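One structure below.
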Amino acid sequence: MRAWAVVENGAPLREIELPTPEPVGTQVLLAVTHCGVCHSDLHIWEGFYDIGGGRTLSLKDRGVVLPLAMGHEIVGRVVKLGPDATGGVKEGDLRIVYPWVGCGVCAQCQAEEDNMCLTPRSLGVYQNGGYGTHVVAPHPRHLVDPGTLDPAIAATYACSGITVYSAIRKVLPLPPEEPVVLVGAGGLGLNAIAILRALGHKRIVSVDVSADKLAAAKEAGATDTVDASAGDATQRIVQLCNGPVGAIIDLVNGTTTARFAFDALRKGGKLIQVGLFGGELMLSLPLMAMRALTVQGSYVGSPKELRELVGLAQGGKVPPIPVTMVPQNQADEALMRLRAGKVTGRIVLRAEAA
Ligand SMILES: [Zn+2]
Ligand SMILES: [Zn+2]
């Protein structure tokens, strides 16, 4: 097999030749047909996260080993089943690959909350992912049938889709007319607008610093937009919503956005932190208590949530986000376009044969 791999952090991806894996036990080998290029790939490629206060979290220290084929928004065709891979898939089936796999044996993994496993083995992070011709899923239960969905769109559900779906689930139920504020109108933001609409939510406020991205958010169905580039984002949000708000999902989650989002919360309000931009947030502890505020992190989603989201999308209610197709062997160029902030929606790598 070939892979477009991180060989050295911060250096261009290199095409490498690897032995094609032989599925053992419950494993399933798939030929990758589509793979989304996610913003978190940039952090994996750089090799660290900014965790605030001038400190960084090294991915090498967390067990990420190079060379690594990144890519965790994968759709592929089943090529070969391991001897114990029973559970409804057969050779030739097209499947979304749930990438946030864990140890497979702990209580969380057994409950299909693999993303809460304490020993993550995520595809495209701790083991090779979709920036290659082939990928191994540990178990058939990690494979979801995209049905009639466009496979390029279906691929994005494995990360950006379930990430926003899981975050949205944490602020709902809310009256449909009550604003849900989404900070960030990139791939995640557009997916969040689509999913909120599919769930019947009416008032969706999109916040970003890019006029192009805000236009895309409006196009995707945001009822209001806030340009945060001027620096008084809290005031603008509060003014637009006729008062402080109850639900904010911060898809950027950097020092600046977390601050203006937190400051816009009403009593009992929830800030769901999703993005991995980096930084820190200082909180007044008595005010947290007196105003009964919630700041909650949300990390990707579970296989159950992926199946729920695909079901929702099958109903035709989730309008597709804009996708730009790029040949798989141009993974490095795609990553650099994302790094330059020049992507509206999602770049999806497509295999030659797909
Ligand atoms: Zn991702
Ligand atoms: Zn586990």
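When a ligand or atom number is given, it counts from 1 through the structure's own listing order. Because the structure is predicted, anything quoted here is derived from the model rather than measured. Heavy-atom basis, side chains included; hydrogens, waters and symmetry copies ignored.
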Give the C-alpha distance, both sets of side-chain angles, the deciding distance and a yes or no for side-chain hydrogen bond (donor to acceptor under 3.5 Å, both in side chains) between Glu305 and Ser166.
CA-CA 7 Å; Glu305 286 169 324; Ser166 190; 3.2 Å; yes
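- Residues Arg346 and Glu73 are paired through a salt bridge, judged by an N-O separation under 4.0 Å between the basic side chain and the carboxylate.
- Of all protein atoms, those that are N, O or S and lie under 2.8 Å from the Zn ion (ligand 1) total 3.
- When only modelled atom types and interatomic distance are considered, Asp114 and His142 share a side-chain donor-acceptor pair under 3.5 Å.
- Here the options are Val75, Val79, Val78, the test is side-chain contact (heavy atoms from CB on, under 4.5 Å), and the partner is Leu30; only Val78 passes.
- Under 4.0 Å is where a charged nitrogen must lie from a carboxylate oxygen, and between Glu280 and Arg259 no such pair does.
- Between the side chain of Ser298 and the main chain of Val274, no donor-acceptor pair closer than 3.5 Å is present.
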